[in-house]
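See structure below.
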Amino acid sequence: MKPAPETPPEPRNFFQDVYEVVRLIPPGRVTSYGTIAHYLGSRRGARTVGYAMLAAHADDSVPAHRVLNRLGHLTGRLHFATPTAMQEALEAEGIKVEDDRVVDFDKLFWDPAVELG
DNA sequence: CATCTGACAGACG
DNA sequence: TCGTCTGCCAGAT
């Protein structure tokens, strides 16, 4: 048995975990920060998920444009290359966006806890 | 080394 | 019903 002086119960990389889940979001579908946080075990860690998305910019394989807040608003659109990049990326997948909000957000919602098991 | 901020969400008065 | 505060985690100053 190792003393594990600096090893928390589960040192899982939150960011890395977030990236994997986001990568699993199928085209034409969307999810929310809170849902991902909840799926990862941090119920109130939605904020950190948003922060992870910010860092995800360095990774093209992470479709950050499919992650919105719980209201279906494009909260992170200002963080993209251009203010309209996020909306255009969504529309390119067949998702309608009106007034910075995803239309039929409920129907397009993708819940990892349900879709993945 | 201490403090604040940030792409959120839920609880409380 | 609305406004305000706390919780979460990592990075920046």
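Numbers restart at 1 for each chain; the letters A, B, ... are given by sequence-line order, proteins then strands. A quick note: this is a predicted structure, and the numbers were derived from the prediction, not measured.
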Original post:
Quick one: side-chain hydrogen bond (donor to acceptor under 3.5 Å, both in side chains) pairs with a partner in residues 79-93 of chain A, sequence neighbours left out?
Top reply: A:His65-A:Glu93, A:Arg66-A:Glu93, A:Thr84-A:Glu88, A:Gln87-A:Glu91

Subject >> Pairs where residues 99-117 of chain A contributes a residue and the test side-chain hydrogen bond (donor to acceptor under 3.5 Å, both in side chains) is met, not counting sequence neighbours >> reply: A:Arg77-A:Asp100

Original post:
In residues 92-103 of chain A, what residues come within less than 4.0 Å of DNA chain B, judged by heavy atoms?
Top reply: none

Subject >> Strand contacts (DNA chain B) in residues 54-67 of chain A, 4.0 angstrom heavy-atom criterion >> reply: A:Leu54, A:His57, A:Ala64

**OP:** Just do the side chain to side chain contact (heavy atoms under 4.5 Å, CB included) check on A:Ile25 and A:Val67 with the steps written out, would you?
**Re:** CA-CA 9 Å; A:Ile25 302 174; A:Val67 185; 4.1 Å; yes

So which heavy atom on [X] is nearest to which on [Y], and how close?
X: A:Phe15; Y: A:Ala55; answer: CE2-CB, 3.8 Å
X: A:Ala37; Y: A:Ala46; answer: CB-N, 3.5 Å
X: A:Tyr33; Y: A:Asn69; answer: CE1-N, 3.3 Å

**OP:** Report yes or no: do A:Val49 and A:Leu116 belong to one cluster of Ile/Leu/Val/Met/Phe/Trp/Tyr joined by side chain heavy-atom distances under 4.5 Å?
**Re:** yes

Original post:
For DNA chain B, which nucleotides open and close the run of contacts to chain A, 5' to 3', at under 4.0 angstrom from a non-hydrogen atom?
Top reply: B:dG6 to B:dA11

Subject >> Reported CD1-to-CG distance for the pair A:Ile36 and A:Leu40, which is rounded to 0.5 angstrom >> reply: 7.5 Å

Original post:
In Å and rounded to the nearest 0.5 Å, what is the OG1 to CG distance from A:Thr31 to A:Leu24?
Top reply: 11.0 Å

**OP:** Any salt bridge (charged side-chain N to carboxylate O under 4.0 Å, His left out) involving residues 20-33 of chain A? Give me the pairs, sequence neighbours left out, ordered by first then second residue.
**Re:** A:Arg23-A:Asp59

**OP:** Could you list all the salt bridge (charged side-chain N to carboxylate O under 4.0 Å, His left out) pairs where at least one residue sits in residues 30-54 of chain A, not counting sequence neighbours?
**Re:** none

Just the atom pairs and distances: protein N or O near nucleotides 11-13 of chain C's N or O, under 3.5 Å.
from	atom 1	to	atom 2	distance (Å)
C:dG11	O4'	A:Tyr51	OH	2.9

Subject >> C:dC8 versus B:dC1 - spacing of their P atoms, nearest Å >> reply: 24 Å

Original post:
What interatomic distance, in whole Å, is found between C1' of B:dA7 and the corresponding atom of C:dG3?
Top reply: 23 Å

**OP:** Mark up nucleotides 1-7 of chain C, 5' to 3', with B wherever a protein heavy atom is under 4.0 angstrom from a base atom, S wherever such an atom reaches only the sugar-phosphate, and - elsewhere.
**Re:** ------B

Original post:
For A:Glu98, what residues pass the side-chain contact (heavy atoms from CB on, under 4.5 Å) criterion, not counting sequence neighbours?
Top reply: A:Val103

**OP:** Could you work out the complete set of other residues in the hydrophobic cluster of A:Leu74, with links drawn between I, L, V, M, F, W and Y side chains under 4.5 Å apart?
**Re:** A:Val30, A:Leu68, A:Phe80, A:Met86, A:Leu90, A:Ile95, A:Val97, A:Val102, A:Phe105, A:Leu108, A:Phe109

Original post:
What is the distance from OH of A:Tyr19 to C1' of C:dA10, rounded to the nearest Å?
Top reply: 10 Å

**OP:** Name the nucleic acid region contacted by A:Arg77, choosing base, sugar-phosphate or nothing; use a 4.0 angstrom heavy-atom cut-off, strictly under.
**Re:** nothing

Original post:
Residues in side-chain hydrogen bond (donor to acceptor under 3.5 Å, both in side chains) with A:Thr35, at least two apart?
Top reply: A:Ser32

Subject >> Neighbour count >12 (heavy atoms, 6.0 Å) for atom NE2, A:His73 >> reply: yes

